[in-house]
Amino acid sequence: MRIVVIGHGMVGSRVAADLAAADPGLRLTVLGQEDHDPYNRVQLSSVVAGRADPVSLALEQVDPARAHVLRGVRAARIDRARHVVVDVRGEEHPYDRLVLATGSVARIPAVPGLRTGPEGTGAGLIAGVSPLKDLDDAARIVEIARPGRPAVVLGAGVLGIEVATGLASRGMHVTLVHHRERLMERQLDPDASTIVRGSLERLGIAVATGVGAQGVVAPGGRLERVMLSDGSQHAADLMVLCTGTAPQTGLARDAGLECAAGIVVGEDLASPTDPDVFAIGDCAQPPEGGSGLVAQGWEQARRLVGAWAPGPAGAPGPLRIRGGELVRVKAVGLNLVTMGSIERPGPGAHAPRSVRLSDPTGGRFTEVVVQEGRLLAATVVGDEEAAAELSAAFTLRTLVPRDPVHLLARPLAPGAAAPAPAASEMAGSDILCQCNGVTKGHIDDAVRQGCGTVAEVSRCTRAGTGCGTCRSRIQELLDASSREAPVAAVAAV
């Protein structure tokens with residue numbers, strides 16, 4: 001069978017690698033728009049902050065002996081009638097099944113002066129302005145970032161806050177601009193947003209909410225100042241656009257495939273327009289909707305491999321159903337974690353039990369929602385210990401006190417939740433890496449087989465290759481194993 005995968009990012013490279021491993025008889029072609037090997041885009045803000053090296057972002061890729069991978073070769077057209085993909089060089093790639101993993105593109109706001117030419121003409125951005133969507137963007141931003149120089153970050157969602165704190169940690173004078181009154185309005189309520197704002201301001205970041213960028217001053221095509229809708233002007237050597245993304249659907253639309261917010265697919269991830277074309281990851285619009293998180297794309301890749309390559313290597317495991325996602329903001333100097341979704345029903349509506357602690361002076365905020373002895377949702381700002389304990393309770397689905405007050409007053413109240421278990425105390429079946437569904441038992445097996453570093457465990461199991469929040473727990477297991485080894489050696493003597 002001939003399979004063509006368009007896209008060589010985090011999801012496209014994953015489905016290609018798994019298909020090749022599951023069925024060596026497949027004739028697999030992968031077209032990747034970027035020249036780079038696949039890498040972890042989730043960690044790009046850590047590169048901007050100087051906390052991660054681009055080399056450390058490398059991900060597993062398909063065995064070159066089992067697939068034809070074309071880096072830096074963009075797909076130009078899909079001929080569905082002939083079952084052929086035509087690339088920008090004019091070469092044709094025939095397929096029996098086509099997988100679209102084209103991802104998303106950065107949304108560029110319509111700010112006058114932002115582009116080198118009229119919008120819609122393919123004009124690029126002026127010097128000093130960049131989104132953060134790929135490694136080239138990160139390199140461009142780092143090159144401009146200089147201590148003592150001014151920067152504007154447009155958009156205060158998760159990425160905007162990560163970028164703002166990262167640039168501030170490099171010594172830049174940062175202004176964070178957000179068109180809504182609330183920071184991270186999808187995750188934070190007004191009280192939590194106010195406390196996050198105070199924490200950012202203590203880090204030296206100026207925060208402007210309820211305003212947008214109205215124009216730029218860029219003599220000679222290089223950014224010099226940003227003008228806001230409230231009439232203020234801000235000097236800027238650098239402006240980073242963290243204004244969201246849009247599914248990359250151009251190829252699919254041009255090929256006549258049904259598209260809405262993304263490429264429409266059914267439960268089987270096939271297009272209703274063409275049963276031989278499938279879409280996964282950020283470009284897709286499945287029945288349950290797109291989460292924007294890489295874990296969903298990886299789960300979709302697993303489902304395709306299980307359906308197309310049945311057998312031990314390709315058999316699908318149980319579908320992982322979560323009660324919500326955990327978002328840990330990778331912000332330098334700010335501890336911020338949200339879990340699930342805190343719904344606020346109207347008067348008279350039944351709601352799970354919830355309680356909050358708000359400490360604006362101390363920069364702390366915690367809200368927890370409990371239902372039937374389980375942690376349903378939580379928001380934690382400025383409390384690393386509480387974030388660790390609640391994150392463990394949320395991801396492991398462990399029992400918590402039915403009275404949520406005990407979760408906040410844990411040092412004082414009888415019956416309070418126990419501290420988060422050490423990684424070595426987790427059950428083998430417990431999920432340690434949420435992004436990849438890797439259990440603690442899988443990691444124990446990798447360590448027993450000789451993996452001695454987090455990087456080696458990641459290569460063997462894929463744990464830690466998504467958001468990266470489980471890497472510290474992997475290190476815990478490695479440390480515990482190294483402590484046990486000398487004891488075992490002495491016992492043997």
Side-chain angles (χ1 to χ4, degrees), residues 1-16 18-19 26-34 38 41 67-70 72-108 120 122 133-134 244-309:
M1 180 187 294
R2 302 168 300 178
I3 296 178
V4 173
V5 178
I6 300 179
H8 196 216
M10 295 182 73
V11 175
S13 63
R14 170 67 63 89
V15 74
D18 285 356
L19 282 170
L26 292 176
R27 294 170 57 188
L28 190 60
T29 300
V30 184
L31 280 72
Q33 185 170 329
E34 292 185 67
R41 294 176 189 270
H68 183 40
V69 180
L70 298 169
V73 177
R74 183 171 55 83
R77 182 167 56 88
I78 301 168
D79 187 334
R80 293 196 295 117
R82 298 174 53 227
H83 275 55
V84 162
V85 174
V86 183
D87 68 31
V88 289
R89 306 168 304 177
E91 294 190 13
E92 297 186 345
H93 307 278
Y95 66 85
D96 297 305
R97 289 175 179 162
L98 173 63
V99 181
L100 298 175
T102 49
S104 59
V105 293
R107 290 187 187 274
I108 307 300
K133 196 69 177 68
D134 57 36
T245 61
Q248 193 155 227
T249 60
L251 271 175
R253 290 182 187 278
D254 291 346
L257 298 171
E258 182 181 348
C259 296
I263 303 169
V264 175
V265 295
E267 292 287 350
D268 60 354
L269 303 171
S271 167
T273 311
D274 188 330
D276 295 327
V277 180
F278 301 76
I280 58 176
D282 283 353
C283 69
Q285 183 179 327
E288 69 274 17
S291 70
L293 300 175
V294 70
Q296 183 182 38
W298 282 345
E299 173 67 16
Q300 291 167 343
R302 183 199 65 80
R303 286 162 54 193
L304 278 189
V305 175
W308 295 357

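Given the structure is predicted, the values throughout are model-derived calculations rather than measurements.
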Write out all pairs satisfying salt bridge (charged side-chain N to carboxylate O under 4.0 Å, His left out) with one or both partners inside residues 89-104, taking only residues at least two apart or from two chains.
-> R2-D96, R82-E92, D87-R89, R89-E91
Okay, side chain of T102, backbone of C283: is any donor-acceptor separation there less than 3.5 Å?
-> no
Pairs in or reaching into residues 251-276: which pass salt bridge (charged side-chain N to carboxylate O under 4.0 Å, His left out), with residues at least two apart or in two chains?
-> R80-D274
Taking only residues two or more places apart in sequence, or in another chain, which ones meet L26 in a side-chain contact (heavy atoms from CB on, under 4.5 Å)?
-> M1, I3, L19, D23
So the ring pair (Phe, Tyr, Trp, His ring centres under 6.0 Å) pairs with at least one residue in residues 250-276 (sequence neighbours excluded) are none
Residues that A81 engages under side-chain contact (heavy atoms from CB on, under 4.5 Å), provided they are two or more places apart = D79
Residues passing the side-chain contact (heavy atoms from CB on, under 4.5 Å) test with A16, sequence neighbours excluded, are L28, V30, V62
Contacts of type side chain to side chain donor-acceptor pair (under 3.5 Å), residue E34, not counting sequence neighbours | Y39, R41
For Q296 and S291, indicate whether the former's side chain and the latter's backbone hold a donor-acceptor pair under 3.5 Å.
-> yes
With sequence neighbours excluded, tell me which residues meet side-chain contact (heavy atoms from CB on, under 4.5 Å) with A246.
-> V105, R107
Go through the structure and list residues passing ring-ring contact (aromatic ring centres under 6.0 Å, His included) with H83, not counting sequence neighbours.
-> Y95
With sequence neighbours left out, write down each residue that passes side chain to side chain donor-acceptor pair (under 3.5 Å) with T245, or none if nothing qualifies.
-> none
Under 3.5 Å, is there a donor-acceptor pair between the side chain of Q248 and the main chain of G103?
-> no
